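Heads up: numbering here begins at 1 and tracks the sequence. This is a predicted model, so every value here is computed, not measured.
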Amino acid sequence: MNKWLFLIFISLLLGQMSCRQKPAAAEKPNIIIIYVDDLGYGDVGCYGAGGVSTPNVDLLASKGLMLTDAHATASTCTPSRFSLLTGSYAFRNDAAILPGDAPLLIRPGTPTLPGMLQKAGYTTAVIGKWHLGLGNGTPQWNGILKPGPTEVGFDYSFIVPATLDRVPTVYVENHRVVNLDAQDTIAVSYEHRIGNLPIGLEHPELLKFKADSQHSGTIVDSISRIGFMSGGRSAWWKDEDIADVLVKQMDAFIRKHQKSPFFLYFSLTDIHVPRAPAYRFKGKSTMGSRGDAIAEMDWSTGAVLKTLDALGLTDNTLVIFTSDNGPVLDDGYDDHAEQLVGAHRPGGPFKGGKYSAFEAGTRVPAIVYWPGKIKPGTSNALVSQVDFFASFAALTGQKLDERDAPDSFNMLDALTGKSDTGRTTLLEEAYTFALRSGAWKYIAPQTRPTPGWMSNKKIPTGLEPFPQLYRLDADTAELHNVREQYPDRTAEMKNTLTKIIQDDGTRPGFKKQNQAANR
């Protein structure tokens with residue numbers, strides 16, 4: 001062989017070998033967020049649950065990093081979800097719990113976590129609960145539901161539009177209601193009754209369990225909901241089938257995109273009310289349907305792991321398991337959750353729960369699992385879900401623009417166990433603001449009326465007309481307000497909180513004038 005031809009052949013051969021040694025997927029791990037609805041700090045076994053077994057979540061904890069001071073940004077769902085996906089505190093967009101017919105809260109053009117990962121070469125999907133609105137005004141349930149998730153960074157979406165207790169009780173895939181009969185159109189109202197379907201207030205004998213007045217609107221699948229709807233019967237979900245439907249969609253998405261990096265926001269509907277898990281989970285706990293819903297949630301988590309194992313993706317997939325806010329027992333339906341809770345402590349050792357400014361409102365289970373890359377263990381680092389944006393950007397080599405993720409800090413080392421140092425301060429939203437700084441917890445005075453529907457939740461809200469200061473290292477249950485003993489600390493934390501609220505963003509490198517121009 002000619003000498004020069006031989007050298008060219010060897011060069012080409014070495015080049016091919018070099019390419020084989022650098023698979024793109026190995027450089028950019030798949031990322032899955034398993035986001036549970038209303039799961040409290042103490043609701044799973046590895047965090048001390050009683051009355052229900054959670055072997056799949058416990059497996060994640062035994063082989064991953066279990067965080068003990070991890071927080072949703074708010075004690076209610078829409079604000080937490082907004083913050084996770086945008087890297088921005090929800091109050092900056094006036095985000096609050098949305099009705100089921102609200103327009104899209106995250107406006108197209110807003111930098112988002114999935115959008116950033118798209119730029120990094122990821123295929124992105126949301127499967128499960130959305131509750132961030134659809135469309136530009138009143139959603140067009142019988143036509144094209146746009147803008148929605150696919151306009152703010154997701155390549156694929158299969159969603160429950162709002163919550164299980166809100167109409168419309170249908171799935172939406174990308175821009176259309178699934179299985180909708182064009183001859184049986186959907187109408188929705190949150191202001192007045194429409195259609196001739198029975199409602200809970202008039203026909204309690206048709207219900208699986210009784211509901212309060214807020215949850216006594218249109219009856220679908222023997223459960224009355226918030227709001228009123230008519231039509232769409234062929235598209236209605238069956239509550240007992242929802243977990244199976246979502247798991248099937250999860251499995252299909254991962255199998256379809258297993259050859260290249262993907263991001264999956266797997267947003268479970270469990271354990272939000274109404275709690276009607278699949279029949280096979282009935283009696284899996286000693287706590288009635290709420291405990292059985294926890295068992296179903298654990299099964300869904302295990303299904304993710306099963307799919308990853310079957311496809312050989314486990315070692316190249318980072319999984320984060322966490323919740324959108326703290327727990328609630330009676331949230332509008334008489335499912336005996338309060339009577340059957342027993343010695344189980346949904347909030348663990350912490351006070352409060354969903355809707356609350358106390359610690360159990362936002363401190364939630366959080367496990368980071370990435371075999372071979374994350375050493376199993378426990379971390380006390382203070383972390384927030386708002387930091388997922390900047391942390392995943394660092395993980396995938398993406399540089400944040402000046403206007404991206406105004407409140408998201410790079411906490412990748414804390415999330416992966418390389419450092420036990422997390423945030424120095426952390427903001428919490430719950431009809432007022434709270435601030436964590438180390439073991440100190442400051443709760444600002446309440447400045448707006450408490451919604452009337454919160455009066456029957458039987459949860460300590462932490463909403464008071466005066467400032468509160470707690471030392472969590474000595475007072476985990478937030479029983480002793482020490483603001484008078486520590487006036488300087490109280491003033492310092494008040495000033496820090498005020499600055500966070502007044503600034504347009506807190507992330508190092510964020511330029512607020514650019515953010516203002518984007519509004």
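In this pair, F350 and Y41 present their aromatic rings perpendicular. The plane angle is above 60°, beyond the 30 to 60° band. Ring-plane geometry between Y35 and Y265 is classed as tilted, the angle between the planes lying from 30 to 60 degrees on a 0 to 90 degree scale.
Salt-bridge annotation for K208 and D239: absent, with no side-chain N of the basic residue lying under 4.0 Å from a carboxylate O of the acidic one. Between K354 and D331, at least one side-chain nitrogen of the basic residue sits less than 4.0 Å from a carboxylate oxygen of the acidic one, meeting the salt-bridge criterion. Between D101 and R166 there is no salt bridge, since no side-chain N of the basic residue sits under 4.0 Å from a carboxylate O of the acidic one. Using a cutoff of 4.0 Å between basic side-chain nitrogens and carboxylate oxygens, R81 and D37 are scored as salt-bridged. In summary, D69 and R363 engage in a salt bridge, as defined by a charged side-chain N under 4.0 Å from a carboxylate O.
The side-chain contact (heavy atoms from CB on, under 4.5 Å) test with T496 singles out one residue from T424, L435, I501, and that residue is L435. Under the side-chain hydrogen bond (donor to acceptor under 3.5 Å, both in side chains) test applied with D165, the options R225, H215, Q214 reduce to a single match, H215.
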Apply the test ring-ring contact (aromatic ring centres under 6.0 Å, His included) to residues F433 and F91: give CA-CA distance (whole Å), side-chain angles for both, the deciding distance (0.1 Å), then the verdict. CA-CA 10 Å; F433 294 101; F91 74 86; 5.1 Å; yes
Check the pair E296 / K284 against salt bridge (charged side-chain N to carboxylate O under 4.0 Å, His left out), numbers first and verdict last. CA-CA 9 Å; E296 182 175 74; K284 289 295 184 180; over 6 Å; no
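The number of heavy atoms from other shown groups lying within 6.0 Å of NZ (K63) does not exceed 12.
You'll find the side chain of E428 stays beyond 4.5 Å of the side chain of T73, heavy atoms only. Annotation: side chain of K119 is in contact with side chain of Q398 (closest heavy-atom distance under 4.5 Å). Under the 4.5 Å side-chain criterion, counting only non-hydrogen atoms from C-beta, T218 is not in contact with S224. With contacts defined as side-chain heavy-atom distances shorter than 4.5 Å, the pair L67/V368 qualifies. At a threshold of 4.5 Å between non-hydrogen side-chain atoms, the residues F392 and I320 count as touching. Here the side chains of Y333 and D212 are not in contact, with every heavy-atom distance at 4.5 Å or above.
A donor-acceptor pair under 3.5 Å links the side-chain atoms of S391 to the main chain of M411, judged by distance alone. Of the possible polar contacts, one joining the D324 side chain to the D38 backbone as a donor-acceptor pair under 3.5 Å is found. Remark: side-chain polar atoms of Q118 are paired, donor with acceptor, to backbone N or O of G153 under 3.5 angstrom. With hydrogens and angles disregarded, a donor-acceptor distance shorter than 3.5 Å links the side chain of R507 to the backbone of D404. S80 contributes no side-chain N or O that, together with a main-chain N or O of N325, makes up a donor-acceptor pair within less than 3.5 Å. Put simply, the side chain of N93 never gets that close to the backbone of A90: no donor and acceptor are under 3.5 Å apart. In this structure a side-chain-to-backbone donor-acceptor pair under 3.5 Å is present from T78 to H131.
Between the side chains of D298 and T54, no donor N or O sits under 3.5 Å from an acceptor N or O.
The distance from atom CZ of R436 to atom OG1 of T425, rounded to the nearest 0.5 Å, is 10.5 Å.
When all heavy atoms of L305 and N56 are compared, the closest pair comes out as CD1-O, 4.2 Å.
Figure legend: K441 and Y470 shown without cation-pi pairing, the cationic atom not lying both under 6.0 angstrom from the six-membered ring centre and within 45 degrees of its axis. Taking the ring axis of F409 as reference, the NZ or CZ atom of R423 stays within 45° of it and closer than 6.0 Å to the ring centre.
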